[in-house]
Amino acid sequence: MQNNETKLKPTIEPISQAARKAMREKIDNLAKPVGGLGNLEVLAVDLAGIEQRVELQTEKRCCLVFCGDHGVEREGVSATPRRVTAMQAVNMAAGHSSVAALAKANHCEVKVIDVGIDADILDQAVINLKIRKGTNNFIEKPAMTRDEAIRDVQAGYDVAAQAIHEGNQILCVGELGIANTTVSSAMIASLLSLPVADVVGRGSVISDKRLAHKIDVVEKGLAKWQPDPTDGLDVLSKVGGFEIGAKAGAMICAAAHHVPLIMDGFISYAALALAEAMCPGIQRYVIASHATRQAGTKAILKKLGVTPMFNLGMATGEGSGAVVTLALIDDIQSVLKNMTTLEDMGVNFTA
C-alpha cells in the first residue's frame, strides 16, 4: 500500500464504553421516567462515547460544505443545470443559502470549500482546494484518477483537522454538486452491494422518464468500470465525486480526533460508506441527522448501521439536516445542566 494511502487509514479507537455507561447513569438519575426523553438520551450517550467524557463539549461548532461538479451531469440526469453549483457556493459563503440561514439560528460557522467546481470561483470567502474542474463523465472514462481520489480525501481530512485545531468541538458536513445523487447512488450501490434500481431516486424532483434514464446511466457506469467494493478509493476514482471523497476524509479525521461529526442526508450516506470501506469503525463516530426521502434510505441506513435522529422530509442537502441536529444537542445539554436529580427530590422509582 502506498504511504500516502496509509495516512488516510488511521487506527480508529473504540468509543468509550465507560463514558457511555456514566452518561446513561447520569440521565437515568434525572427527575423523569427512565428513557422518557427517548432519542435525546441516546444522542447524549453517543456523544459521551465519542468524546470520551460525560461533561459534553458542544459549544463551538462548524459546518464544512464541500463543493464539486460531475461530468455525468452531461448525461441529462438532473433537472438542475451545473452552473448552479458555482452560483450557490458563492451564495452560501455570503450567508444566504438554506444551510447558512439554519447555521445562524444554531450558532454554527459555515466553511465553503471548493474541491472540484467546474468554474473559477473568485470569491475569497470560498476556500480553494480544487482538485480540478469537475470529474469526468463516468460513462466515458473513470471519474478521476486514483491519485486525485487520494488528494481529494486528504483535502477533506485537512479541512476537518484545521477546524478541530481552531477549537471546534462538533463538526457538521454538507455538500454542493449538481448530479451528486447520481454519483452517490453509484457509490452506494457498489460499496453496499445494493441493487441500483433500489438506490437511485429522483434527486432534484425529476420525471419518471428521466429517473429511468438515471438508473440506466448508473448501471452502465458500474458495469463498465466494475469498481471494487472492498477498495473505497477504487470506487471513488471510478464513479465518485470530489465533494463526496472530501466528506469521507472529514469523517475519518473527526473519528481519529474523537470529535463528533453530524452527517446530512443521501450524499452523506455515500461518504460514510466510503469512509467505512477505507477505515472500518468510522460509523461509530458519526451522528446521523435525518432520513432523506431518496430511494432506498431505509435499506442504506440499515447497511451502514446508523439510525437517524429525525425525518422532516428534507432533501435540500448542503448540510441543512446536520445543522438542524445541533438544536437537539442544545436541548439535551440544557437537560443535563438544568434538571433536578432524583436524589435532590428524595424519590426512587420502583419497577
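Just so it is clear, the model here is predicted, and its values are computed rather than measured.
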Below 4.0 angstrom, N of the basic side chain to O of the carboxylate: do [X] and [Y] qualify?
X	Y	value
Lys298	Asp198	no
Arg53	Glu55	no
Arg20	Glu25	no
Asp231	Arg146	yes
Glu75	Lys214	no
Glu276	Arg284	no
Asp69	Arg132	no

Side chains of [X] and [Y], donor plus acceptor under 3.5 Å:
X	Y	answer
Asp330	His107	no
Ser97	Gln88	no
Ser184	Asn180	no
Thr292	Thr297	yes

Rounded distance [0.5 Å steps], [atom1] in [X] versus [atom2] in [Y]:
X	Y	atom1	atom2	value
Glu243	Phe66	CD	CZ	10.5 Å
His70	Thr135	NE2	OG1	6.0 Å
Met263	Tyr269	CE	OH	6.0 Å
Leu64	Glu175	CG	CD	12.0 Å
Thr325	Ile329	OG1	CD1	7.0 Å
Met309	Asp46	CE	CG	8.5 Å

Could you check whether any side-chain N or O of [X] sits under 3.5 Å from a backbone N or O of [Y], counting only pairs where one atom can act as donor and the other as acceptor?
X	Y	value
Glu51	Leu47	no
Asn106	Cys108	no
Arg61	Ile170	no
Asn338	Ser334	yes
His165	Ala161	no
Ser193	Ala189	no
Lys247	Ala271	no
Asp264	Gly174	no
Ser237	Leu233	yes

| field | Sole candidate of Leu326, Leu171, Val324, Val323 that passes side chain to side chain contact (heavy atoms under 4.5 Å, CB included) when paired with Ile262 | value |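 Exactly one option meets the side chain to side chain contact (heavy atoms under 4.5 Å, CB included) with Ile262, and it is Leu326.
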| field | Criterion side chain to side chain contact (heavy atoms under 4.5 Å, CB included) against Met187, the qualifying member of Ile267, Val199, Val239 | value | Val239
Honestly curious: do [X] and [Y] fall in one hydrophobic cluster under the side-chain, below-4.5 Å linking rule?
X	Y	result
Val196	Ile300	yes
Phe266	Val84	no
Leu56	Val42	no
Val45	Leu37	yes
Leu191	Val286	yes

| message | If you apply the rule side-chain hydrogen bond (donor to acceptor under 3.5 Å, both in side chains), what do you find for Ser78 with Glu73, and how did you get there? | response | CA-CA 7 Å; Ser78 175; Glu73 179 270 342; over 6 Å; no
Mark yes when over 12 heavy atoms from residues, nucleotides or ligands other than [X] sit less than 6.0 Å from its [atom1]; otherwise mark no.
X	atom1	result
Glu59	CD	no
Lys26	NZ	yes
Lys104	NZ	yes

| said: Assess the residue pair Asp147 and Thr145 against the criterion (side-chain hydrogen bond (donor to acceptor under 3.5 Å, both in side chains)); give the C-alpha distance rounded to whole Å, side-chain angles, the decisive distance to 0.1 Å, and a yes or no. | reply: CA-CA 5 Å; Asp147 180 66; Thr145 66; 5.0 Å; no
| Exercise: identify the closest heavy-atom pair between Val112 and Cys67 |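 Looking at all heavy atoms of both residues, the shortest contact is CG1-SG, 3.7 Å.
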| message | Quick one, Ile15 with Gln17, criterion side chain to side chain contact (heavy atoms under 4.5 Å, CB included). Give me CA distance, side-chain angles, the key distance, then yes/no. | response | CA-CA 6 Å; Ile15 59 175; Gln17 295 301 326; 3.8 Å; yes
Side-chain donor-acceptor contacts of residues 123-130 below 3.5 Å, not counting sequence neighbours, with atom names and distances?
| unit_1 | atom_1 | unit_2 | atom_2 | d |
| --- | --- | --- | --- | --- |
| Asp123 | OD1 | Ala125 | N | 2.8 |
| Asn128 | OD1 | Lys130 | N | 3.1 |
| Lys130 | NZ | Asp114 | OD1 | 3.4 |
| Lys130 | NZ | Asp114 | OD2 | 2.6 |
| Lys130 | NZ | Ile117 | O | 2.7 |
| Lys130 | NZ | Ala119 | O | 2.9 |

| task | Would you sort out whether Asn136 and Glu140 count as a side-chain hydrogen bond (donor to acceptor under 3.5 Å, both in side chains), showing the intermediate values? | result | CA-CA 8 Å; Asn136 299 319; Glu140 299 173 349; over 6 Å; no
| query | For Thr58 and Gln333, what are the C-alpha separation, side-chain angles and deciding distance, and is it a side-chain hydrogen bond (donor to acceptor under 3.5 Å, both in side chains)? | reply | CA-CA 8 Å; Thr58 63; Gln333 276 284 53; 2.9 Å; yes
| message | Quick one, Lys60 with Glu166, criterion salt bridge (charged side-chain N to carboxylate O under 4.0 Å, His left out). Give me CA distance, side-chain angles, the key distance, then yes/no. | response | CA-CA 9 Å; Lys60 186 170 174 57; Glu166 291 169 356; over 6 Å; no
| query | Between His258 and Tyr285, is the ring centre distance below 6.0 Å? | reply | yes
